[in-house]
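Some notes on the structure that comes next.
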Amino acid sequence: MRQHFYRARNFILPVIDFFYPPFKKLMTIQTFRYLATGASNTLLGLITFYIAYHYIVGSQNVDLGFYVFESYTVTLAISFTVALFWGFFLMKYVVFDDSKIRGRVQFFRYLLVCLLNLFLNWILLKLAVEYFHIYPTFAQLGTTAILIVVSYLVQRNFTFKKTVVPDYVAEEGEDSSVSL
């Protein structure tokens, strides 16, 4: 299975990296890849949101008997589920491929961050729709912009952080190789 992931990665990376040179002075390649893959995942999420809202769920609330969910909340859950797996693949194999943290730990952390984002997204979407009376699709666009920044910082510094080797360990390694 992993070979398929790497084959997809080897297809995606040259496409993204082709567009990097004009941005080289503005950001690192990793940041550029994050923005490019994040944009594709965000677009997938927004398209899924639109299709689910207009063609699957509609504007009717969903009554589960014990709780009535607003239609846009159900739509958000559908969009979240679709984008979760595609986003993890992109983050793990395209953007943060230098992280040495085990894959299942990365996925668990990624899921936690995504659930935090989902909660924040739900709160912001609810505020925008119910209190500011913004149309759900436009409200989702606004909340997405806010969450992009939050997500990048948390993914880079928590989910896929690099393991830093302390200086004294590197120095000990150099000293032992010299004495051989």
Side-chain angles (χ1 to χ4, degrees), residues 1-2 4-9 11-13 15-16 19 30-97 103-160:
M1 182 66 129
R2 190 172 290 168
H4 297 299
F5 291 150
Y6 282 106
R7 191 175 306 141
R9 174 190 188 275
F11 174 77
I12 294 169
L13 270 180
V15 173
I16 293 172
F19 295 99
Q30 186 179 54
T31 303
F32 182 77
R33 288 175 180 169
Y34 179 83
L35 290 174
T37 58
S40 75
N41 196 44
T42 300
L43 184 61
L44 174 67
L46 290 171
I47 290 169
T48 304
F49 186 90
Y50 180 85
I51 290 170
Y53 185 76
H54 291 283
Y55 300 106
I56 298 172
V57 179
S59 58
Q60 298 297 320
N61 293 339
V62 177
D63 187 356
L64 296 181
F66 60 90
Y67 188 79
V68 177
F69 288 96
E70 293 87 0
S71 60
Y72 58 83
T73 302
V74 174
T75 302
L76 179 62
I78 293 168
S79 174
F80 171 80
T81 303
V82 170
L84 175 73
F85 293 103
W86 177 244
F88 179 72
F89 163 74
L90 291 174
M91 293 300 117
K92 178 174 177 51
Y93 290 99
V94 176
V95 180
F96 300 109
D97 59 339
R104 66 176 169 253
V105 174
Q106 288 175 338
F107 183 74
F108 180 72
R109 289 179 176 187
Y110 185 80
L111 178 62
L112 287 177
V113 172
C114 287
L115 289 172
L116 171 68
N117 282 346
L118 179 63
F119 177 73
L120 292 173
N121 195 335
W122 177 67
I123 294 295
L124 293 172
L125 188 62
K126 195 166 186 62
L127 286 170
V129 171
E130 293 182 12
Y131 294 102
F132 297 113
H133 307 291
I134 298 172
Y135 186 71
T137 303
F138 295 126
Q140 181 61 24
L141 283 169
T143 60
T144 298
I146 294 167
L147 293 175
I148 285 171
V149 175
V150 172
S151 181
Y152 174 70
L153 295 172
V154 176
Q155 297 296 9
R156 185 185 68 183
N157 298 311
F158 173 65
T159 306
F160 299 101

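The side-chain heavy atoms of W122 and L125, taken from C-beta on, include no pair separated by under 4.5 Å. Here the side chains of Y152 and T31 are in contact, with some heavy-atom distance below 4.5 Å. You'll find the side chain of R109 stays beyond 4.5 Å of the side chain of Q155, heavy atoms only. No side-chain heavy atom of M91 sits less than 4.5 Å from a side-chain heavy atom of Q106. Using a 4.5 Å heavy-atom threshold, the side chains of L112 and L116 count as separate.
Using a distance-only test at 3.5 Å, with no hydrogens or angles considered, no donor-acceptor pair links the side chain of R33 to the main chain of V95. For the pair S151 (side chain) and I148 (backbone), a donor-acceptor distance under 3.5 Å is absent. Formation of a donor-acceptor pair under 3.5 Å by the T48 side chain with backbone atoms of L44 is found in this model. In terms of modelled atom types and a separation under 3.5 Å, the side chain of N121 and the main chain of N117 share no donor-acceptor contact.
Not a single ring-ring contact (aromatic ring centres under 6.0 Å, His included) links F49 to another residue, sequence neighbours left out. Applying the ring-ring contact (aromatic ring centres under 6.0 Å, His included) test to F32 and every residue at least two apart in sequence or in another chain returns Y20, F23. By the side-chain hydrogen bond (donor to acceptor under 3.5 Å, both in side chains) test, T75 pairs with no residue at all, sequence neighbours left out. Take F158 and apply the ring-ring contact (aromatic ring centres under 6.0 Å, His included) test, not counting sequence neighbours, and it matches no residue.
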### Query
Does the pair Y110 and V113 meet the rule for a side-chain contact (heavy atoms from CB on, under 4.5 Å), with working shown?
CA-CA 5 Å; Y110 185 80; V113 172; 5.8 Å; no

### Query
Are I134 and V129 close enough, and set up right, to give a side-chain contact (heavy atoms from CB on, under 4.5 Å), and what steps lead you there?
CA-CA 5 Å; I134 298 172; V129 171; 5.7 Å; no

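Here CG of N41 is found 12.5 Å from CZ of F88. Values are rounded to the nearest 0.5 Å. From F11, atom CZ reaches atom CZ of R7 across 12.5 Å, with rounding to the nearest 0.5 Å. Atom CZ of residue R9 and atom CD1 of residue I16 lie 10.0 Å apart, to the nearest 0.5 angstrom. One finds the CG atom of L124 at 6.0 Å from the CG atom of L147 (value rounded to the nearest 0.5 Å). Summarising the geometry, atom CG belonging to L115 is positioned 11.0 Å from atom CG belonging to L120; distances are rounded to the nearest 0.5 Å. Atom OG1 of T159 and atom NZ of K92 lie 12.0 Å apart (nearest 0.5 Å).
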Atom pairs and distances, donor-acceptor, side-chain atoms in residues 53-68, under 3.5 Å, two or more places apart:
{"residue": "N61", "atom": "OD1", "partner": "S71", "partner atom": "N", "Å": "3.3"}
{"residue": "D63", "atom": "OD1", "partner": "G65", "partner atom": "N", "Å": "2.8"}

Under 3.5 Å, side-chain donor or acceptor atoms of residues 77-87 against the rest of the protein: list the pairs with distances, not counting sequence neighbours.
{"residue": "S79", "atom": "OG", "partner": "G45", "partner atom": "O", "Å": "2.7"}
{"residue": "T81", "atom": "OG1", "partner": "A77", "partner atom": "O", "Å": "2.9"}

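Side-chain contact annotation: Q140 with Y135, donor-acceptor N/O pair under 3.5 Å absent.
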